[in-house]
Engineer: 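So that we are looking at the same thing, I have put the structure below in structure tokens.
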Amino acid sequence: METGYNPEKLVYGYRKLGHGRARASAIRYAINQADINNDIPYMVFFREELCHESSWFLDELDVVTVFPELLSLLDKHPDAWHTPFWQGRDIQTDILEMYGHLLDACLSFYQIAFEDCINFYNDYKKRLVAYGYSPREAYVDFAEFYIETGHMDSAKKYLRKARAIPFSKSDCIACATITEIKYYLLEDEKEKADKLAEKIRNGTLRCRGVLSDSMLGLERTYLKYYILNGDYDKAAEAADILEHSSSEVKVYNRWASFMCAYASQKPGRGLRIYKKHWKDWEDENDQYERYYEFKDAACFFKYLKNSRETIKLDTGSTFPLYNNTSIYSTEELCQYYYGEAESIAKKFDKRNGTDKFTNELVMSFANAY
């Protein structure tokens, strides 16, 4: 081994740093040192650490590079993950959790090739079964991916596969049902979706896992549907429930959707949300989230320009349309957000081989009046 190489010292060093880019950079350095010294347990451990850091505090896209390396090492050296820092942790649980982040990245970034996404989903299913779990969860995940990418026939096939397998004791039954509800809503079978939604709302279908927020997941699904179809009264009801929920799960804080939903009933509230969060949307790296944020912003300003030609924004010079008067045309804002959403939509559609994102943008915008 290289003189002076001390993996435990490297761990203590980067764990003193706050979460974020500096810590991730220090972990990458640790990976490099472990690789140079062919220290297989720490080659595994440091990559697992970087996957966690990237998934929770940085960019899930980083997981696409690091996680396959981690899997390859574990396949070659299945018992090599033991280090003093693994106490109380289970490698199989960690791998499946990390795979969840990788699959999220497939939905979030058009930069990941469609074929690679399918390979990841297939490998996840293989490992799930190898670890003694039912493939049902993998089938639901496959259905979710195909719904989000616009391959509805494939989504239908995997929903059918999932339905054929009984739920286990720890399954999130209601959450799995929400995927089916998404399918029906996008296929214009709202009556079927509503019947399933009622079973979640009345408790007939509920999740057994302690971390489930299925009711909020349901409201989020309907919020997206209402905005798509221009039902802003219903959208405002769903947004109000989500905005005032006690959940600390940030995934439900769809601020751009809330802003858009309030366009007809509470435009002032919508503007306050915009002024508070516009920079967050500009800084958003998750391309799926960025698309919906910009799409909903475009719809909000299309609605708003019927009553206001201009608005005053104290944004500072980083604002993409900055001018020194701080007065902005709602038409100009509408066009800016539509153009940005359209650019992202085309990239997703090219990756996916469908026109789902572009069609949703056109439909949402046409129904914003």
Side-chain angles (χ1 to χ4, degrees), residues 182 185-186 188 190 216 218-245 252-284 286-315 319-323 325-346 348 355-369:
K182 287 180 185 178
L185 289 175
L186 287 175
D188 292 324
K190 187 171 181 293
L216 297 182
L218 183 66
E219 292 298 337
R220 176 178 167 174
T221 297
Y222 272 89
L223 173 60
K224 184 186 287 189
Y225 171 80
Y226 293 138
I227 290 174
L228 180 64
N229 288 275
D231 190 341
Y232 282 82
D233 290 339
K234 288 286 189 182
E237 291 177 14
D240 189 68
I241 291 170
L242 287 162
E243 188 180 0
H244 295 98
S245 76
Y252 299 112
N253 294 338
R254 307 282 290 193
W255 291 110
S257 297
F258 301 164
M259 174 189 71
C260 185
Y262 293 142
S264 64
Q265 294 185 5
K266 304 176 185 178
R269 172 63 182 148
L271 270 176
R272 287 193 294 276
I273 290 173
Y274 177 74
K275 291 175 182 179
K276 184 176 181 180
H277 291 284
W278 71 265
K279 192 172 188 307
D280 297 333
W281 305 334
E282 286 293 331
D283 294 340
E284 179 65 72
D286 183 314
Q287 296 301 299
Y288 177 92
E289 297 292 343
R290 186 178 176 88
Y291 164 76
Y292 280 102
E293 287 159 356
F294 279 58
K295 176 184 78 69
D296 291 347
C299 293
F300 173 75
F301 283 112
K302 181 188 177 186
Y303 207 112
L304 192 67
K305 71 181 182 179
N306 293 322
S307 57
R308 304 189 192 192
E309 291 185 2
T310 61
I311 58 172
K312 182 177 176 62
L313 298 171
D314 297 319
T315 60
F319 189 61
L321 302 177
Y322 176 75
N323 66 60
T325 70
S326 297
I327 304 298
Y328 298 91
S329 158
T330 49
E331 173 65 30
E332 186 181 18
L333 288 163
C334 176
Q335 290 180 2
Y336 167 70
Y337 285 108
Y338 188 93
E340 292 295 309
E342 184 178 43
S343 175
I344 298 170
K346 288 178 178 178
F348 268 115
D355 53 8
K356 175 183 182 287
F357 281 79
T358 301
N359 284 346
E360 283 195 358
L361 173 61
V362 170
M363 183 174 174
S364 296
F365 196 72
N367 287 331
Y369 56 86

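Side chains are part of it too, since the values below use all heavy atoms of this structure and drop only hydrogens, waters and symmetry mates.
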Engineer: For the ring pair Tyr303 and Tyr232, is the centre-to-centre distance below 6.0 Å?
Structural biologist: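 Yes - the distance between ring centres of Tyr303 and Tyr232 falls below the 6.0 Å cut-off.
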Engineer: Any chance you could measure Phe348, atom CZ, to Leu361, atom CG, to the nearest 0.5 Å?
Structural biologist: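 The distance works out to 13.5 Å.
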Engineer: Sequence neighbours excluded, which residues qualify as ring-ring contact (aromatic ring centres under 6.0 Å, His included) partners of Tyr225?
Structural biologist: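 Testing Tyr225 for ring-ring contact (aromatic ring centres under 6.0 Å, His included), a comparison that skips the adjacent residues, returns none.
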Engineer: May I ask you to check whether over 12 heavy atoms, not counting those of Lys312, lie within 6.0 Å of atom NZ?
Structural biologist: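 More than 12 heavy atoms, drawn from other residues, nucleotides or ligands, come within 6.0 Å of this atom.
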Engineer: Of all the heavy-atom pairs spanning Cys299 and Ala368, show the shortest one and how long it is.
Structural biologist: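 That closest heavy-atom pairing would be O-CB, 3.7 Å.
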Engineer: Are Leu228 and Ser364 packed together at the side-chain level, in the sense that at least one heavy-atom pair is separated by less than 4.5 angstrom?
Structural biologist: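 Yes. Closest side-chain heavy atoms under 4.5 Å.
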Engineer: Got a donor-acceptor contact below 3.5 angstrom from the Thr330 side chain to the Glu309 backbone?
Structural biologist: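 Yes; judged by distance alone, with no hydrogens or angles, the pair exists.
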Engineer: Residues in ring-ring contact (aromatic ring centres under 6.0 Å, His included) with Tyr322, at least two apart?
Structural biologist: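 Checked Tyr322 against ring-ring contact (aromatic ring centres under 6.0 Å, His included); zero matches.
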Engineer: Does the side chain of Ile311 come within less than 4.5 Å of Leu304's, by heavy atoms?
Structural biologist: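 The answer is yes, as the side chains (C-beta and beyond) meet within the 4.5 Å cut-off.
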Engineer: Parallel, tilted or perpendicular: which describes the rings of Tyr226 and Tyr222, with under 30° parallel and over 60° perpendicular?
Structural biologist: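 Tilted: the ring planes of Tyr226 and Tyr222 meet at 30° to 60°.
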Engineer: Taking only residues two or more places apart in sequence or in another chain, which ones pass salt bridge (charged side-chain N to carboxylate O under 4.0 Å, His left out) with Glu331?
Structural biologist: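 Result, salt bridge (charged side-chain N to carboxylate O under 4.0 Å, His left out) vs Glu331: Lys305.
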Engineer: So, taking the atom named NZ in Lys275 and the one named CG in Leu271, what distance separates them when rounded to the nearest 0.5 Å?
Structural biologist: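 The NZ atom of Lys275 sits 5.5 Å away from the CG atom of Leu271.
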Engineer: So which atom in Gly270 and which in Phe300 form the shortest heavy-atom distance, rounded to 0.1 Å?
Structural biologist: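 Minimum heavy-atom contact is C-CZ, 3.8 Å.
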Engineer: Check step by step if salt bridge (charged side-chain N to carboxylate O under 4.0 Å, His left out) holds for Glu289 and Arg254.
Structural biologist: CA-CA 9 Å; Glu289 297 292 343; Arg254 307 282 290 193; 2.7 Å; yes
Engineer: Taking only residues at least two apart or on different chains, which pairs with a member in residues 359-369 satisfy salt bridge (charged side-chain N to carboxylate O under 4.0 Å, His left out)?
Structural biologist: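 Every salt bridge (charged side-chain N to carboxylate O under 4.0 Å, His left out) pair that includes a residue of residues 359-369, provided the two are not neighbours, is Lys356-Glu360.
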Engineer: Are side-chain heavy atoms of Trp278 and Tyr337 found at a separation under 4.5 Å?
Structural biologist: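 Trp278 vs Tyr337: side chains touch.
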Engineer: With sequence neighbours excluded, what pairs up with Tyr336 under the ring-ring contact (aromatic ring centres under 6.0 Å, His included) test?
Structural biologist: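 For Tyr336, no residue satisfies ring-ring contact (aromatic ring centres under 6.0 Å, His included) once neighbours in sequence are set aside.
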Engineer: Could you tell me if the ring centre of Phe357 sits under 6.0 Å from that of Tyr291?
Structural biologist: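 Distance test on ring centres: under 6.0 Å, yes.
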Engineer: Please report the C-alpha distance between Arg290 and Glu340 in whole Å, then the side-chain angles of each, then the deciding distance to 0.1 Å, and finally whether the side chain to side chain contact (heavy atoms under 4.5 Å, CB included) criterion is met.
Structural biologist: CA-CA 9 Å; Arg290 186 178 176 88; Glu340 292 295 309; 4.1 Å; yes
Engineer: Which atom names give the shortest non-hydrogen contact between Asp280 and Lys276, and what distance separates them?
Structural biologist: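 Minimum heavy-atom separation between Asp280 and Lys276: OD2-O, 4.2 Å.
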Engineer: Looking only at non-hydrogen atoms, find the nearest pair between Ala297 and Met259 and report the distance.
Structural biologist: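 Minimum heavy-atom separation between Ala297 and Met259: CA-CE, 3.5 Å.
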Engineer: When you measure from the side chain of Asn323 to the backbone N and O of Thr325, does any donor-acceptor pair fall under 3.5 Å?
Structural biologist: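 Yes, Asn323 side chain to Thr325 backbone: donor-acceptor pair under 3.5 Å.
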Engineer: Atom NZ of Lys266 and atom CG of Asp240: how far apart are they, to the nearest 0.5 Å?
Structural biologist: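 If I round to the nearest 0.5 Å, the distance is 4.5 Å.
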Engineer: Using the six-membered ring of Tyr338, assess whether NZ or CZ of Lys302 lies under 6.0 Å from its centre and within 45 degrees of the ring axis.
Structural biologist: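 Pair Lys302/Tyr338 does not count as cation-pi.
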Engineer: Calculate, to the nearest 0.5 Å, the distance between atoms CD and CD belonging to Gln287 and Glu293 respectively.
Structural biologist: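 The distance works out to 10.0 Å.
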Engineer: Would you mind reporting whether Phe301 and Arg308 have side-chain heavy atoms less than 4.5 Å apart?
Structural biologist: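 Side-chain contact under 4.5 Å: no.
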Engineer: Could you pull out the closest heavy-atom pair between Lys190 and Leu185, with the gap in Å?
Structural biologist: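 For Lys190 and Leu185, the tightest heavy-atom pair comes out as CG-CD2, 3.9 Å.
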Engineer: Nearest 0.5 Å, please: how far is CG in Asp296 from CD1 in Ile227?
Structural biologist: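 Nearest 0.5 Å value for the CD1-CG distance: 4.5 Å.
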Engineer: When the ring planes of His277 and Trp255 are compared, do they come out parallel, tilted or perpendicular, using 30° and 60° as the limits?
Structural biologist: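 Parallel: the ring planes of His277 and Trp255 meet at under 30°.
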Engineer: Applying side chain to side chain contact (heavy atoms under 4.5 Å, CB included), name anything that partners Ala261, two or more places apart in sequence or on another chain.
Structural biologist: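 Here the qualifying residues are Leu223, Ala235, Ala239.
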Engineer: Give, for atom CG of Leu242 and atom CD of Glu237, the distance between the pair rounded to the nearest 0.5 Å.
Structural biologist: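 It is 12.0 Å, given to the nearest 0.5 Å.
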Engineer: Quick one: are Glu332 and Leu321 in side-chain contact, heavy atoms under 4.5 Å?
Structural biologist: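 Contact flag for Glu332/Leu321 side chains = yes.
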